[in-house]
Novice: 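Questions regarding the structure given below will be posed in turn.
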Amino acid sequence: MLISLVLIILGLLIFLFFFWRRLKEDYLGNQIFGTSFIILVFLFAARIFANQIAENFWFWISIVFVGIGLTIGIARHRLKIFETLEALVIGFLPWISLYFLADAINKASLTSMIGAIAVALLAIMFIILDKHYKKFTWYKSGRAGFSGLIILGFFFLVRAVVELIYDDVLSFSGNQDIYFSGIVAFCAFFVLYNLAKEGI
């Protein structure tokens with residue numbers, strides 16, 4: 001239990017660090033941490049709300065609440081959408097990986113361990129793509145947002161595939177999770193496609 005708590009707190013600190021590091025060159029500290037604070041407040045509120053109202057849908061309630069928090073933070077502190085989204089993605093990936101790891105240790109769950117490794121690989125993939133995406137000839141606009149959107153799309157695409165093969169492994173929202181994940185993945189790739197076409 002103590003190890004799980006330490007890993008989750010470590011994940012929170014890593015989230016704050018990566019979120020700040022990603023945005024520090026363009027924004028002031030109060031803008032960055034003010035936005036991250038709003039996101040975290042909505043995230044914890046989502047967990048409380050889910051536990052009281054619809055525990056089976058805790059993951060999707062968290063996604064919606066984080067999205068609302070992100071939107072409010074961007075509007076309040078005047079941040080750019082795609083830059084902030086990328087900071088959110090690279091900040092959350094290590095935290096999610098450590099959350100899976102904590103669950104794997106706490107419950108001796110092989111599934112959670114695989115999840116931790118898979119999310120860690122997505123974080124590594126994000127870093128690699130972020131260094132090289134401007135060299136991709138098909139992404140002619142070169143705009144920020146590529147790494148965040150493509151990793152976001154892959155994350156939810158993998159969720160959809162896993163839920164299709166192994167029902168109720170990732171959450172308890174049943175077959176609906178497949179559709180939710182598929183819609184989010186499609187939206188991420190669609191926005192990425194539009195970004196790629198801009199400036200041509």
Side-chain angles (χ1 to χ4, degrees), residues 11-43 46 59-60 62-98 118-162 179-200:
L12 171 61
L13 295 175
I14 291 174
F15 163 76
L16 291 171
F17 172 74
F18 275 107
F19 193 82
W20 165 79
R21 184 179 180 183
R22 187 76 185 182
L23 299 173
K24 67 182 177 68
E25 293 184 3
D26 298 314
Y27 302 103
L28 299 175
N30 65 319
Q31 292 176 290
I32 299 170
F33 289 110
T35 301
S36 63
F37 177 76
I38 293 172
I39 292 170
L40 291 174
V41 167
F42 272 84
L43 175 62
F59 176 80
W60 292 105
S62 298
I63 292 294
V64 172
F65 272 57
V66 167
I68 294 172
L70 178 65
T71 302
I72 293 173
I74 288 173
R76 181 180 178 84
H77 295 287
R78 299 180 180 179
L79 308 182
K80 293 182 180 179
I81 296 174
F82 293 114
E83 289 180 355
T84 312
L85 178 63
E86 286 199 320
L88 183 74
V89 171
I90 190 55
F92 264 124
L93 285 175
W95 195 3
I96 294 172
S97 182
L98 288 172
V119 176
L121 290 175
L122 284 177
I124 294 171
M125 184 178 173
F126 179 102
I127 295 170
I128 294 172
L129 288 173
D130 194 56
K131 290 182 178 180
H132 301 288
Y133 78 91
K134 290 185 179 181
K135 299 177 183 178
F136 299 158
T137 56
W138 61 271
Y139 194 70
K140 296 182 180 180
S141 71
R143 289 191 58 184
F146 177 90
S147 303
L149 287 169
I150 199 166
I151 295 301
L152 199 64
F154 275 126
F155 177 84
F156 284 99
L157 184 61
V158 169
R159 277 190 63 90
V161 172
V162 171
Y179 303 114
F180 294 152
S181 295
I183 290 170
V184 176
F186 173 80
C187 290
F189 289 133
F190 181 74
V191 173
L192 178 63
Y193 173 80
N194 285 330
L195 276 181
K197 295 298 181 183
E198 288 186 14
I200 295 178

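Small disclaimer: the values here were computed from a predicted structure and weren't measured. Atoms considered below: every heavy atom in the structure, side chains included; atoms not considered: hydrogens, waters and symmetry mates.
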Novice: Working note: F155 + R159, criterion side-chain contact (heavy atoms from CB on, under 4.5 Å); need CA distance, chi angles, decisive distance, verdict.
Specialist: CA-CA 6 Å; F155 177 84; R159 277 190 63 90; 3.7 Å; yes

Novice: To the nearest 0.5 Å, how far apart are CD1 in I124 and CD1 in I127?
Specialist: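 CD1 of I127 is found 7.0 Å from CD1 of I124.
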
Novice: Ring centres of F180 and F59 under 6.0 Å apart?
Specialist: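 Between F180 and F59, the centre distance exceeds or equals 6.0 Å.
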
Novice: Which pair of heavy atoms, one from L157 and one from A185, lies closest together, and at what distance?
Specialist: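 The pair with the smallest heavy-atom distance is N-CB, 3.8 Å.
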
Novice: For Y27 and K80, run side-chain contact (heavy atoms from CB on, under 4.5 Å): C-alpha distance rounded to whole Å, both residues' side-chain angles, the deciding distance at 0.1 Å, then the answer.
Specialist: CA-CA 10 Å; Y27 302 103; K80 293 182 180 179; 3.2 Å; yes

Novice: Please report the shortest heavy-atom distance between S97 and A120, naming the atom on each side.
Specialist: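 Minimum heavy-atom contact is OG-CB, 3.7 Å.
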
Novice: Which atom names give the shortest non-hydrogen contact between A144 and L195, and what distance separates them?
Specialist: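 Between these two residues, the closest heavy atoms are O-CD1, 3.9 Å.
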
Novice: Answer yes or no: does atom CZ of F186 have more than 12 heavy-atom neighbours from other residues, nucleotides or ligands under 6.0 Å?
Specialist: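 For F186, atom CZ is not crowded (no more than 12 foreign heavy atoms under 6.0 Å).
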
Novice: As a quick check of understanding, evaluate side-chain contact (heavy atoms from CB on, under 4.5 Å) for L40 and F19, giving each step before the final call.
Specialist: CA-CA 12 Å; L40 291 174; F19 193 82; over 6 Å; no

Novice: Checking side chain to side chain contact (heavy atoms under 4.5 Å, CB included) against L79, which of I32, L70, L85, T84 comes through?
Specialist: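 For L79, the side chain to side chain contact (heavy atoms under 4.5 Å, CB included) test succeeds with only one of I32, L70, L85, T84, which is T84.
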
Novice: Determine whether the aromatic ring centres of residues F189 and F154 are separated by less than 6.0 angstrom.
Specialist: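 Here the rings of F189 and F154 have centres that are less than 6.0 Å from each other.
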
Novice: Hey, what do you get for CD (E86) to CD1 (I150), rounding to the nearest 0.5 Å?
Specialist: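 If I round to the nearest 0.5 Å, the distance is 11.0 Å.
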
Novice: Ignoring hydrogens, what is the shortest heavy-atom contact between S36 and F15? Give both atom names and the distance.
Specialist: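 Residues S36 and F15, closest heavy atoms: CB-CE2, 4.3 Å.
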
Novice: Might you confirm whether atom CD1 of I81 has over 12 heavy atoms from other residues, nucleotides or ligands at distances under 6.0 Å?
Specialist: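 Count not over threshold, so no.
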
Novice: State, with a plain yes or no, whether a side-chain heavy atom of L129 is found less than 4.5 Å away from one of F136.
Specialist: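 Yes; the side chains approach each other to less than 4.5 Å.
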
Novice: Supply the atom-to-atom distance L88 CG to L93 CG, rounded to the nearest 0.5 angstrom.
Specialist: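 If we round to the nearest 0.5 Å, L88:CG and L93:CG are 9.0 Å apart.
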
Novice: Distance check, rounded to the nearest 0.5 Å: I39 atom CD1 versus L16 atom CG?
Specialist: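 Interatomic distance, I39 CD1 to L16 CG, rounded to 0.5 Å: 10.0 Å.
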
Novice: Supply the atom-to-atom distance H77 NE2 to I72 CD1, rounded to the nearest 0.5 angstrom.
Specialist: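 With rounding to 0.5 Å, NE2 (H77) is 10.5 Å from CD1 (I72).
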
Novice: May I ask you to check whether F17 and W95 place their ring centers less than 6.0 Å from one another?
Specialist: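 Distance test on ring centres: not under 6.0 Å, no.
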
Novice: Using the side-chain contact (heavy atoms from CB on, under 4.5 Å) rule, take W60 and S181 through it: C-alpha gap first, then chi angles, then the decisive distance, then the call.
Specialist: CA-CA 9 Å; W60 292 105; S181 295; 3.3 Å; yes

Novice: Closest approach of I90 and A123, non-hydrogen atoms and distance?
Specialist: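 Heavy atoms of I90 and A123 come nearest at CD1-O, 4.1 Å.
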
Novice: Which atom pair, heavy atoms only, marks the closest approach of E83 to R22?
Specialist: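 Smallest heavy-atom distance, with atoms named: O-CG, 4.4 Å.
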
Novice: Could you state the interatomic distance from CD1 (I68) to CD1 (I38), rounded to the nearest 0.5 Å?
Specialist: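 Answer for the CD1-CD1 pair, I68 versus I38, is 12.5 Å.
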
